[in-house]
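Let me begin by presenting the structure, written as structure tokens, before commenting on it.
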Amino acid sequence: QVQLVESGGGLVQAGGSLRLSCAASGRTFRTSAMGWFRQAPGKEREFVAAISWSGANTHYADSVKGRFAISRDNAKNTVYLQMNSLKPEDTAIYYCAAGTYSDYGNSYAYWGQGTQVTVSS
């Protein structure tokens with residue numbers, strides 16, 4: 001069992017940066033891949049980034065590649081999403097998830113409650 005709590009969302013101007021954090025509790029965090037997904041109003045949830053349990057492998061959606069970076073600190077049971085050069089189209093609720101390393105939401109069994117990111121133009 002893994003419980004996830006996201007933080008770090010907020011309002012930022014286009015071109016700015018935010019760092020999201022996802023704090024996990026539960027013994028399986030250190031053996032779980034972690035993912036970030038987002039959902040904008042009226043749109044389906046989409047994959048943003050994933051990191052393997054060790055941190056050795058990462059994968060990004062094309063729309064955020066080169067701007068976002070996922071990382072994890074297993075000693076702190078926390079995964080991060082550094083978001084730079086933000087665009088208005090990045091506006092969404094961002095969710096972290098724990099499960100199997102994948103682009104697909106169905107591969108993740110545990111989800112946080114989400115944190116709102118709003119990018120103004």
4.5 Å side-chain heavy-atom contact, [X] and [Y]:
| X | Y | value |
| --- | --- | --- |
| Y95 | Q39 | yes |
| M34 | Y108 | no |
| D90 | F68 | yes |
| F47 | H59 | yes |

Test of understanding: with ring-ring contact (aromatic ring centres under 6.0 Å, His included), list the residues that count as partners of W111, not counting sequence neighbours.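 For W111 the ring-ring contact (aromatic ring centres under 6.0 Å, His included) partners, ignoring immediate neighbours, are F37.
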Residues which pass ring-ring contact (aromatic ring centres under 6.0 Å, His included) with F29, listed by chain and number, not counting sequence neighbours: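 Expected list: none.
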Just jot down the salt bridge (charged side-chain N to carboxylate O under 4.0 Å, His left out) partners of K65, sequence neighbours excluded, or say none.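 Salt bridge (charged side-chain N to carboxylate O under 4.0 Å, His left out) check on K65 returns D62.
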According to salt bridge (charged side-chain N to carboxylate O under 4.0 Å, His left out), who are the partners of E46, at least two apart in sequence or on a separate chain?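 Testing E46 for salt bridge (charged side-chain N to carboxylate O under 4.0 Å, His left out), a comparison that skips the adjacent residues, returns R38.
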Mind jotting down which residue pairs meet the disulfide bond (SG atoms under 2.5 Å apart) criterion with at least one end in [range]? Sequence neighbours excluded, please.
| range | value |
| --- | --- |
| residues 84-121 | C22-C96 |
| residues 25-83 | none |
| residues 24-93 | none |

Using atom types as modelled and distance alone, determine if a side-chain donor or acceptor of Y94 lies under 3.5 Å from a backbone N or O of V48.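 The answer is no, because no donor-acceptor pair under 3.5 Å joins these two groups.
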Hey, does the side chain of E6 reach the backbone of G114 with a donor-acceptor pair shorter than 3.5 angstrom?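 Yes, the answer is positive, given that a donor and an acceptor are paired below the 3.5 Å cut-off.
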Side-chain donor-acceptor contacts of residues 81-89 below 3.5 Å, not counting sequence neighbours, with atom names and distances?
from: Q82; atom 1: NE2; to: N84; atom 2: OD1; distance (Å): 2.9
from: N84; atom 1: OD1; to: S17; atom 2: OG; distance (Å): 2.9

State the [atom1]-[atom2] distance between [X] and [Y], to the nearest 0.5 angstrom.
| X | Y | atom1 | atom2 | result |
| --- | --- | --- | --- | --- |
| S32 | N77 | OG | CG | 10.0 Å |
| I93 | T115 | CD1 | OG1 | 9.0 Å |
| N57 | I70 | CG | CD1 | 11.5 Å |
| R72 | W53 | CZ | CH2 | 9.0 Å |

Report, as yes or no, whether the 6.0 Å neighbourhood of atom CD on E44 holds more than 12 heavy atoms from other residues, nucleotides or ligands.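 No, because the 6.0 Å sphere around CD of E44 holds 12 heavy atoms or fewer from other groups.
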Set out, in order, the CA-CA distance, both residues' side-chain angles and the distance that settles side-chain hydrogen bond (donor to acceptor under 3.5 Å, both in side chains) for Q3 and S25, then state yes or no. CA-CA 5 Å; Q3 292 80 43; S25 60; 2.9 Å; yes
How close do [X] and [Y] get, counting heavy atoms only, and between which atoms?
| X | Y | answer |
| --- | --- | --- |
| A24 | V2 | CB-CG1, 4.1 Å |
| A56 | S52 | N-OG, 3.4 Å |
| S102 | A50 | O-CB, 3.9 Å |

Supply the members, apart from Y80, of the Ile/Leu/Val/Met/Phe/Trp/Tyr cluster built from side-chain contacts under 4.5 Å; use none for a lone residue.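 For Y80, no cluster forms, as it stays isolated from other hydrophobic side chains.
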Which hydrophobic side chains are connected to Y101, either touching it within the sub-4.5 Å cutoff or through other members that do?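 Answer for Y101: none, a lone residue.
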Test of understanding: with side-chain contact (heavy atoms from CB on, under 4.5 Å), list the residues that count as partners of T118, not counting sequence neighbours.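 With sequence neighbours excluded, T118 shows a side-chain contact (heavy atoms from CB on, under 4.5 Å) to L11, T91, Q116, given in chain and number order.
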The criterion is side-chain hydrogen bond (donor to acceptor under 3.5 Å, both in side chains); which residues satisfy it with T58, sequence neighbours excluded?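 With neighbours one apart ignored, the set is empty.
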